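First up is the structure itself, then whatever we jot down about it.
Nothing here was measured: the structure is a model prediction, and the numbers come from that model.
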Amino acid sequence: MAAAVGIDVGTTNVKAVLIDDDGVTQASAARSLRTDVNGDEVTQDAEAMWEQVVSAVRTVTDSAPPGAAAAVTSVGVCSQYSSIVPVGADAIPVGPMVLWQDRRGTDPSWAILSQHADAFELWVERHGVPPVGGGLALGHVLVLESSPSRTRTAAYLEPMDYVVSRLTGRIAATQHSMFMSQLCDNRRLGVTDYDQELLARAGLVSDRLPPLVPVGTTIETLLPAVADRLGLPAGAAVSAGTNDTAAGLIATGALADGRGGLSIGTTTVLIDGVEAMKVDLDHEILSMPGPLADEYLVWAENGLGGRVVEKVLDGLLQSDDVLGSDRRDQPFARLDAALDESPAGANGVLCLPWFHGSLAPKSEPAMRGAFLNVSLETSRVDLVRAATEATAHNLRWLLPHVEAFVGNTSREIGFVGGAARSDQWGQPIAAILDRPTSRVTPPAPAIPPGIA
């Protein structure tokens, strides 16, 4: 009986799962990730991230029922994206991973627009997203190209491609996985070359970019030494990686007519499919090459979602500072109890969820959050419910624009991500969006330390 292992690298957690050929979870595990923030510089230790992947998978294979790990024939990887790991020819990192929150690439990206009068229109026409920085992977590449690690770099990899390369020893990417590097002509699917005009305007050459293979390609089998560390058969095949939005498209069933997808992890994303490349710059909605060979993926990033609730739970209501220490290892463990305690509407308290700026349908990096209508009667559980409901209100603002972009109404919504572990979180979403919302629960039965 065949089995498979799935690996998901989020912003705050690595997760691994082993499923049998009926799709039944046999074992799962999660490991936390550390982020280093220094002003506009936001990074993670890529080698430490890889070790957490190894640890999570090994826990899964050791805890699975007898024979389950030996039956694994395939390994799939998805991850957060618009983050870049510089690696050498052996796929070992030569510097930290530049995370999607890193803003150092904004100035060199805007320099492209100032130096080339046609750059804005060229990028919108061919790729979909102009080179404006703000955390996009192209900006990270431009920053790394001027760093000391440049001479030791063989390729700039998104995290899903980095993990695949460590698993197999082969450096490769796809038009889909390299979307945020903004260097492919996305007017058609199946592209396996970088666009020479986009490269030239960016001042880049492709010799430090990963070779492109078709979406869905089997990259290689596991390296024997890696297979041994993971407790898996060396013959297990590893497919090209996908980003977590694409994984959400499949998991939510959003390709079905009249069904949309919603993922709430660190960020909140509305997901759907569309047949052609489209761009709505007014509302920050666009299509990207999807995880299937004949489908584009609608990308509508609403901004921070689960991270806002996490900040309220672990940082505002629970903390470790001069006022005392009541921080919990699992801040989400009592989320559902809090939502049960506070009624719908949070006793009038409103939360503005833009703790790190607003994205779709209106990009405003300087926007910040707040609590309103707080009174002497307001309780902690009201603040928690208000933060949770804020994710739904923000989605209500975005949903009509996504439906107009797709040309179809989402009569129902599939809901995935760390937030879907909560029994209660989907209720205000369904009520505020006025759409039936069905949870597609993650494999692990308990809420992990982080939401992503």
L230 backbone acceptor or donor facing T61 side chain under 3.5 Å:
yes

So, applying side-chain contact (heavy atoms from CB on, under 4.5 Å) with S181, which one of L198, I84, L157 is it?
I84

Using side-chain contact (heavy atoms from CB on, under 4.5 Å), reason through W123 and L113 one step at a time and then give a plain yes or no.
CA-CA 10 Å; W123 253 274; L113 297 175; 5.8 Å; no

Could you walk me through whether D20 and Q26 pass the side chain to side chain donor-acceptor pair (under 3.5 Å) test, one step at a time?
CA-CA 7 Å; D20 63 23; Q26 300 299 306; 3.1 Å; yes

Judged by atom type as modelled, is there a donor-acceptor pair below 3.5 Å linking the side chain of N302 to the main-chain atoms of A360?
yes

So does G134 get a backbone contact from the side chain of T106, meaning a donor-acceptor N/O pair under 3.5 Å?
yes

So which heavy atom on P159 is nearest to which on M49, and how close?
CB-CE, 4.2 Å

d(E310 CD, L335 CG) to nearest 0.5 Å is 11.0 Å

Would you mind checking if D40 and R104 are paired as a salt bridge, meaning a charged N to carboxylate O distance below 4.0 Å?
no

How far apart are the C-alpha atoms of D282 and K362, what are their side-chain angles, what is the distance that settles it, and do they pass the salt bridge (charged side-chain N to carboxylate O under 4.0 Å, His left out) test?
CA-CA 7 Å; D282 289 338; K362 176 65 176 177; over 6 Å; no

Can you label the angle between the W425 ring and the F332 ring as parallel, tilted or perpendicular, going by 30° and 60°?
parallel

Quick one: does any side-chain atom of Q52 pair with a main-chain N or O of S32 as donor and acceptor, under 3.5 Å?
yes

Please determine whether side-chain contact (heavy atoms from CB on, under 4.5 Å) holds for the pair V129 and L136, giving the CA-CA distance in whole Å, both sets of side-chain angles, and the decisive distance to 0.1 Å.
CA-CA 10 Å; V129 183; L136 298 179; 3.7 Å; yes

Pairing donors with acceptors under 3.5 angstrom, does anything connect the side chains of T267 and E301?
yes

Consider only side-chain N and O atoms of N394 and W354, and report whether a donor and an acceptor are under 3.5 Å apart.
yes

Roughly how far apart are I7 CD1 and S79 OG, rounded to 0.5 Å?
11.0 Å

Taking Q175 for the side chain and G190 for the main chain, is one N or O donor matched with an acceptor at less than 3.5 Å?
yes

Do M160 and V77 have side-chain heavy atoms sitting under 4.5 Å apart?
yes

Polar contact flag, side-chain donor to acceptor under 3.5 angstrom, S55-R31
yes

Go through the steps to decide whether V238 and V75 satisfy the test side-chain contact (heavy atoms from CB on, under 4.5 Å), and finish with yes or no.
CA-CA 5 Å; V238 182; V75 178; 4.1 Å; yes

Within this structure, what is the CG-CZ distance for the pair L222 and R166, rounded to the nearest 0.5 Å?
13.5 Å

side-chain hydrogen bond (donor to acceptor under 3.5 Å, both in side chains) contacts touching residues 126-135 (sequence neighbours left out):
R126-D195, R126-E197

Looking only at heavy atoms, what is the nearest atom pair of A2 and T73, with distance?
CB-OG1, 4.0 Å

Do side-chain atoms of S177 reach the backbone of A173 as a donor and acceptor pair under 3.5 angstrom?
no

Please walk me through it: do E403 and T409 pass side chain to side chain donor-acceptor pair (under 3.5 Å)?
CA-CA 5 Å; E403 292 179 331; T409 299; 4.8 Å; no

Answer yes or no: is there an ion pair linking R170 with E220, defined by an N-O contact shorter than 4.0 Å?
no

Taking the basic N atoms (NZ, or NE/NH1/NH2) and the acidic carboxylate oxygens, is any pair closer than 4.0 Å for E125 and R187?
yes

Any heavy-atom pair between the side chains of E158 and H176 that's under 4.5 Å?
no

Taking the side chain as everything from C-beta on, heavy atoms only, tell me whether L33 gets closer than 4.5 Å to T12.
no

Would you say the side chain of L398 lies within less than 4.5 Å of the side chain of I285, judging by non-hydrogen atoms?
yes

T11 side-chain N/O to T266 backbone N/O, donor-acceptor pair under 3.5 Å
no

Closest non-hydrogen atom pair between L281 and V124, with its separation:
CD1-CG2, 3.8 Å

Closest approach of L18 to A64 (non-hydrogen atoms, all atoms of both residues):
CD1-CB, 4.3 Å

Backbone N/O of I171 and side chain of S165: donor-acceptor pair under 3.5 Å:
no

Quiz question: by atom type and distance under 3.5 Å, do the side chains of S358 and R368 form a donor-acceptor pair?
no

Between atom OH of Y156 and atom CZ of R208, what is the distance when rounded to the nearest 0.5 Å?
5.0 Å

For A237 and T218, the nearest pair of non-hydrogen atoms, with its separation, is CB-CG2, 3.8 Å

Hey, what do you get for CG (L399) to CG (L433), rounding to the nearest 0.5 Å?
6.0 Å

I'd like to know if R396 pairs up with D434 as an ion pair, taking the criterion as any Lys NZ or Arg NE/NH1/NH2 lying under 4.0 Å from an Asp or Glu carboxylate oxygen.
no

Any side-chain donor-acceptor pair under 3.5 Å between R439 and S422?
no

Residues V416 and G248: closest non-hydrogen pair is CG2-CA, 4.2 Å

Nearest 0.5 Å, what's the CG-CZ distance between L304 and F355?
9.0 Å

Is the shortest distance from a Lys or Arg side-chain nitrogen in E51 or R229 to a carboxylate oxygen in the other one below 4.0 Å?
yes

Any donor-acceptor pair under 3.5 Å from R259 side chain to T252 backbone:
yes

Y296 six-ring centre to K278 NZ/CZ under 6.0 Å and within 45° of normal
no

Is the backbone of D244 close enough, under 3.5 Å, to the side chain of Q80 for a donor and an acceptor to pair up by distance?
no

